[in-house]
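Remember, it's 1-based here, ligands and their atoms both numbered in the order they're listed.
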Amino acid sequence: MDFTLELKQVTFKYTGIGGSEHSVLDHLNLRFDQQECTAIIGPSGSGKTTLIQHFTGLLKPISGQVLFNGRDIWGKQFSRKDLRRHIGLVFQFPEAQLFEETVFKDIAFAPQKQELPAEQVTGRVKEAMAAVGLEYTVFAERSPFKLSEGEKRRTAIAGVLAMEPALVVFDEPTAGLDADGIHRFSMIVDTLVQKKTAVIFITHNMEFVAQVARRVIVLKKGQVLFDGKPCDLFTNPSLIEQAEVQIPPVVHYLSSGKSPLAGNINAHNGRQKIWRRIEKIARNLNLEASE
Ligand code: ADP
Ligand code: MG
């Protein structure tokens, strides 16, 4: 679905003990629209979580504007409740918010509140479960509390996808996941992108950025330090240093023409699986991958 989300000169401050003010977002300008997959990175405390809370009006800027489809989300006529259907936020460790007795009921919660006909609700649940790789017949009637941690997280994500938002924003979705969990999450992102749902995610995992992000925004001290393609970030050492991140080893091998499999084979992972990941990274960064 087509949309635009714009932040214009957005400034936000927290008031500390004794009334001291602490600037978190500093005259920030950003624009997002459809069919992008964007990573937001930056040091801890740089304002990433605060930024995405401005997208749906969970926080209000001290000055500046947030515009959705050109309309000020803090304007008198604007419904922020409706906005939250179009922009789905997935917080860190979203599995903590599961509460229904079955996976079906948990995922159906938001579409049910929209008062959609029952068969449409079921259709949305099925589609959302397919997108996160949970088989409907196996999981729908199970208790979310009896699932594995990875399945719980995917159930929580499905609950947001069932609203069919135009944009889904994830706060550190790969935190605490193992390689398989990260791979599964990358498939969720692929599915969303195929369905023309825009994706924004905050992460510290640079290999994941290299693999799926078409655009990277580096935040530092509440300002945009870089906004561009991942290949332009990973080939700029001074920017990498300022962003306080490291170039993932695979990207390093690829860009120096060495075999990206060097030092990357271990007994637990199939060579083919690793190679597929490397090819995906190479494709995304426009680099040559040869064994
Ligand atoms: P990030 O997600 O990039 O790690 P945050 O947006 O969480 O950064 O935080 C940015 C800054 O705002 C930090 O200095 C943090 O301490 C401060 N901060 C975040 N949340 C609060 C809050 N609820 N009250 C006061 N200060 C906060
Ligand atoms: Mg954060």
Hey, is Gly42 one of the residues with a heavy atom under 4.0 angstrom from ligand 1?
no
Can you tell me which residue and heavy atom of the protein come closest to atom 16 (O) of ligand 1, and the distance to 0.1 Å?
His22 NE2, 4.6 Å
Which bit of Thr49 is near ligand 1, meaning a heavy atom under 4.0 Å away: side chain, backbone, both or neither?
both
At what distance, to the nearest 0.5 angstrom, does OG1 of Thr56 lie from CG of Leu89?
4.0 Å
Between His86 and Phe3, is the ring centre distance below 6.0 Å?
no
Is any N or O atom of Ser44, backbone or side chain, closer than 3.5 Å to an N or O atom of ligand 1?
no
Protein residue, atom and distance nearest to atom 22 (C) of ligand 1, heavy-atom basis:
Tyr14 CE2, 3.4 Å
N/O/S atom of Gln92 inside 2.8 Å of the Mg ion (ligand 2), strictly under:
no
Roughly how far, to the nearest 0.5 Å, is the CG atom of Asn205 from the CD1 atom of Ile41?
11.0 Å
When rounded to the nearest 0.5 angstrom, what is the spacing between CG in Asp190 and CD in Gln211?
8.0 Å
Give yes if a backbone or side-chain nitrogen or oxygen of Gly45 is under 3.5 Å from a nitrogen or oxygen of ligand 1, and no if not.
yes
Is atom 27 (C) of ligand 1 less than 4.0 angstrom from some protein heavy atom?
yes
Within ligand 1, which atoms have a heavy atom of Val24 less than 4.0 Å away?
10 (C), 11 (C), 12 (O)
Heavy-atom distance to atom 5 (P) of ligand 1: which of Thr15, Ile41, Thr50 wins?
Thr50
Under a 3.5 Å distance rule, please check whether Arg154 uses its side chain to pair with a backbone N or O of Gly133 as donor and acceptor.
yes
Quiz question for you: does at least one protein heavy atom lie closer than 4.0 Å to atom 20 (N) of ligand 1?
yes
Spacing of Tyr136 atom OH and Glu127 atom CD [to the nearest 0.5 Å]:
13.5 Å
Taking atom types as modelled and ignoring hydrogens, do the side chains of Gln92 and Asp171 form a donor-acceptor contact shorter than 3.5 angstrom?
no
If Ile, Leu, Val, Met, Phe, Trp and Tyr residues are connected whenever their side-chain heavy atoms lie under 4.5 Å apart, and connections chain through other members, are Val90 and Met187 in the same group?
no
